[in-house]
Amino acid sequence: CLSLLALCFGDTKRGAVLEGIHAEGPIINDWGALPKIPTDISLRDFDHLLNSIPRLRMMTISPQLEAKIGYKRLEALLMRNILPALGHDKTAKESDILGAFKTASLHKRRLHITHCFNVSSFHHREPGLVNFGLAAEFPHLDEYAGIQPPTIELVGDLEHM
């Protein structure tokens, strides 16, 4: 299937132009409607996965799962110039999310949040991905120094919002 998609990349003669792939997972914590597959992927297997997806431009990744391994897979995405999209994580703590943002800031990169209001959390005392996605700017606190607000994706179909 991916090899067939590879034939379509950049083709401007058939209508919409396929510029790249956004993979939602497999490093996600809350599956929503996606099929459940193993998330405990070694860095070696993760690199192999990245090599197998042509024109991968964005990958949704769970900040909570990434925090457990020191954001190594997120770092691998950044090193390959693949946009990390945080998402599918209702239980990520503020510190998990901040760690992902700090990792991106080391590369002077902005993160993305996959369909901001779906399979993520919002609370005024326990900030989740929605809180980060809604922020035009972050608090002037040391733990937020140097990070940029993310870009977000909204799917306005009354399922995702």
Side-chain angles (χ1 to χ4, degrees), residues 1-121 127-130 132-133 146-155 157 159-160:
C1 179
L2 290 175
S3 58
L4 291 175
L5 280 177
L7 298 173
C8 300
F9 289 123
D11 183 352
T12 60
K13 298 177 184 120
R14 298 182 201 181
V17 178
L18 178 60
E19 294 182 347
I21 293 174
H22 173 184
E24 285 192 56
I27 313 300
I28 56 177
N29 198 32
D30 294 298
W31 290 93
L34 297 174
K36 291 176 179 57
I37 59 174
T39 60
D40 189 19
I41 298 173
S42 70
L43 190 54
R44 182 173 165 245
D45 289 343
F46 188 68
D47 281 334
H48 178 72
L49 174 68
L50 296 180
N51 289 333
S52 71
I53 304 174
R55 295 267 184 103
L56 181 62
R57 298 291 185 248
M58 183 185 305
M59 180 178 275
T60 299
I61 197 161
S62 159
Q64 184 181 41
L65 295 177
E66 273 306 284
K68 292 177 182 180
I69 66 157
Y71 304 95
K72 300 274 190 233
R73 293 172 294 217
L74 192 138
E75 181 81 30
L77 293 173
L78 291 164
M79 295 299 288
R80 291 169 179 256
N81 207 27
I82 298 168
L83 177 61
L86 304 181
H88 284 270
D89 198 335
K90 292 179 184 175
T91 56
K93 295 180 177 19
E94 181 180 21
S95 59
D96 301 331
I97 300 167
L98 278 171
F101 275 86
K102 287 287 189 183
T103 301
S105 74
L106 295 174
H107 293 266
K108 306 212 182 327
R109 297 282 304 275
R110 182 184 300 260
L111 293 177
H112 182 77
I113 296 179
T114 300
H115 38 71
C116 188
F117 297 102
N118 185 253
V119 284
S120 55
S121 63
L129 287 172
V130 175
F132 279 79
I147 64 173
Q148 300 178 54
T151 58
I152 64 170
E153 167 190 325
L154 296 176
V155 180
D157 63 1
E159 283 289 321
H160 290 85

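Residues take their numbers from the sequence shown, with the count starting at 1.
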For Ile69, check side chain to side chain contact (heavy atoms under 4.5 Å, CB included) against everything at least two apart and list the hits.
Glu66, Lys72, Arg73

Sorted by chain and residue number, the side chain to side chain contact (heavy atoms under 4.5 Å, CB included) partners of Thr91 (sequence neighbours excluded) come out as Asn29, Gln64, Asp89

Taking every non-hydrogen atom, the tightest pair across [X] and [Y]:
X: Pro26; Y: Thr39; value: O-CG2, 3.1 Å
X: Ser105; Y: Gly146; value: CB-O, 3.3 Å
X: Ala76; Y: Leu43; value: CB-CD1, 4.3 Å
X: Ile113; Y: Pro150; value: CD1-CG, 3.7 Å

Nearest 0.5 Å please: distance from the [atom1] atom of [X] over to the [atom2] atom of [Y].
X: Ile82; Y: Leu50; atom1: CD1; atom2: CG; result: 5.0 Å
X: Ile152; Y: His115; atom1: CD1; atom2: NE2; result: 12.5 Å
X: His107; Y: Met79; atom1: NE2; atom2: CE; result: 6.0 Å
X: His48; Y: Ile53; atom1: NE2; atom2: CD1; result: 10.0 Å
X: His88; Y: Ile27; atom1: NE2; atom2: CD1; result: 13.0 Å
X: Lys36; Y: Ile28; atom1: NZ; atom2: CD1; result: 9.0 Å

side-chain contact (heavy atoms from CB on, under 4.5 Å), paired with Leu86, selected from Ile61, Asp96, Thr114, Thr60
Ile61

Could you check if a side-chain atom of Arg109 sits within less than 4.5 angstrom of a side-chain atom of Leu77, using non-hydrogen atoms only?
no

Can you find a heavy atom in the side chain of Lys93 that is under 4.5 Å from one in the side chain of Pro63?
no

Taking Leu83's backbone N and O only, do any of them form a donor-acceptor pair with Arg57's side chain (distance below 3.5 Å, no angle check)?
no

Atom NZ of residue position Lys102 - does it have more than 12 heavy atoms of other residues, nucleotides or ligands inside 6.0 Å?
yes

Would the number of heavy atoms belonging to other residues, nucleotides or ligands and lying under 6.0 Å from CG of Asp40 be above 12?
no

So does Arg80 pair up with Asp47, basic N to acidic O under 4.0 Å?
yes

With Phe101, which residues qualify under ring-ring contact (aromatic ring centres under 6.0 Å, His included), at least two apart?
Phe132, Phe138

